[in-house]
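What you are looking at is a predicted structure, and each value in this text was computed from that prediction instead of being measured.
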Amino acid sequence: MQRYEAAIVGGLVAGVVTTAVMTIGRKTGVLTKTLDRDAVDWIDDVSGSRALIGDTGTSVVEFANHLGASAAFAAAVPKLRELAPSLSPVALGTLYGTALYAVNIGAIAPVLGITEGEVKAGPRKAGERWAVHVLQAVVTAVVAERLTSKR
């Protein structure tokens, strides 16, 4: 499989995995209110979607957005692999996930009003958000690596 296609497939797999982790983590009490729920609330706040399509419909919209973002961010993985060929997929994913977290959640999400900001969120919630971003990028990098090494 071509490296960009493999990365995008990896991103889609990672999107499903992280959604499952957030859902299970939230429902079992292992995680606090997860980023996907913050995003659902934000979508409703800006569009009134719950009144039109309900919470489940709004969650489906958020999931589709999450998969799209996951695939889009995954497209950077082949270039990162070129820049750091000696890093394992896990190390590469950890670094990339940390960078995505810093930019998206540390900077952009609070400005848009999706989150309250990481200082206000507190160390536990911020740590959970960071861990999910790292998981996302690691799964993406590992799946992409496996799909491209099967030539």
Side-chain angles (χ1 to χ4, degrees), residues 1-28 30-47 49-50 52-115 118 125-151:
M1 183 176 280
Q2 299 286 336
R3 9 183 243 144
Y4 285 97
E5 291 170 343
I8 290 169
V9 169
L12 293 172
V13 169
V16 172
V17 168
T18 55
T19 297
V21 166
M22 287 187 288
T23 301
I24 293 166
R26 188 177 59 253
K27 290 186 179 200
T28 60
V30 172
L31 299 176
T32 59
K33 183 181 179 195
T34 51
L35 188 57
D36 60 326
R37 296 315 298 169
D38 288 332
V40 167
D41 290 343
W42 181 78
I43 291 167
D44 181 54
D45 288 345
V46 299
S47 70
S49 60
R50 282 188 177 115
L52 298 171
I53 58 176
D55 188 63
T56 300
T58 305
S59 294
V60 169
V61 169
E62 190 286 324
F63 179 64
N65 175 61
H66 180 85
L67 286 180
S70 185
F73 288 124
V77 169
K79 188 62 177 174
L80 294 172
R81 169 54 64 217
E82 275 180 34
L83 296 171
S86 64
L87 285 181
S88 72
V90 172
L92 183 71
T94 300
L95 292 171
Y96 187 44
T98 299
L100 285 174
Y101 164 78
V103 172
N104 293 337
I105 306 307
I108 297 170
V111 170
L112 294 176
I114 298 169
T115 66
E118 296 308 88
K125 194 169 185 181
E128 291 171 0
R129 291 173 177 168
W130 170 78
V132 169
H133 277 78
V134 168
L135 175 64
Q136 174 90 19
V138 166
V139 169
T140 300
V142 168
V143 170
E145 186 91 1
R146 302 260 191 233
L147 290 175
T148 56
S149 65
K150 289 185 175 185
R151 286 186 174 170

Please step through side-chain contact (heavy atoms from CB on, under 4.5 Å) for the pair K27 and M22, ending with a clear verdict. CA-CA 8 Å; K27 290 186 179 200; M22 287 187 288; over 6 Å; no

Tell me, please, which residues at least two apart from T58 pass side-chain hydrogen bond (donor to acceptor under 3.5 Å, both in side chains). S49

Where the side chain of Q136 meets the backbone of G97, is there a donor-acceptor pair that is under 3.5 Å apart? no

I105 side, atom CD1; W130 side, atom CH2 - distance, nearest 0.5 Å: 14.0 Å

Any donor-acceptor pair under 3.5 Å linking the side-chain atoms of T32 with those of E128? yes

Show, in sequence, the C-alpha distance, side-chain angles and deciding distance for R3 and E82, and conclude whether the salt bridge (charged side-chain N to carboxylate O under 4.0 Å, His left out) test is met. CA-CA 11 Å; R3 9 183 243 144; E82 275 180 34; 2.8 Å; yes

R50 versus D41: any side-chain heavy-atom pair under 4.5 Å? yes

Would you say the side chain of D55 lies within less than 4.5 Å of the side chain of R37, judging by non-hydrogen atoms? yes

Can V138 and V142 be said to form a side-chain contact (heavy atoms from CB on, under 4.5 Å), step by step? CA-CA 6 Å; V138 166; V142 168; 4.1 Å; yes

Return the minimal non-hydrogen interatomic distance between L35 and T115, and the atom names on each side. CD1-CG2, 3.6 Å

Shortest non-hydrogen contact from V77 to A141? CG1-CA, 4.3 Å

Flag the pair V132 / R129 as yes when at least one side-chain heavy-atom distance between them is below 4.5 Å, and no otherwise. no

Among residues at least two apart in sequence or on other chains, which ones pass side-chain hydrogen bond (donor to acceptor under 3.5 Å, both in side chains) with W42? none

Heavy-atom side-chain proximity of V134 to L100 below 4.5 angstrom: no

Is it the case that the side chain of D38 and the backbone of I114 share a donor-acceptor pair, with hydrogens and angles ignored and the cut-off at 3.5 Å? no

Donor-acceptor contact present, side-chain Y101 to main-chain A131, <3.5 Å: no

Do L87 and L95 have side-chain heavy atoms sitting under 4.5 Å apart? yes

Sub-3.5 Å donor-acceptor pair from the side chain of S70 to the main-chain atoms of H66, do we have one? no

Do you know which two heavy atoms are closest between A75 and Y4, and how far apart they sit? O-CE2, 3.2 Å

D36 side chain reached by T23 side chain, heavy atoms, under 4.5 Å: yes

Answer whether the closest heavy-atom distance between the side chains of V103 and I108 falls below 4.5 Å. yes

Could you tell me whether the side chains of R81 and T148 share a donor-acceptor contact shorter than 3.5 Å? no

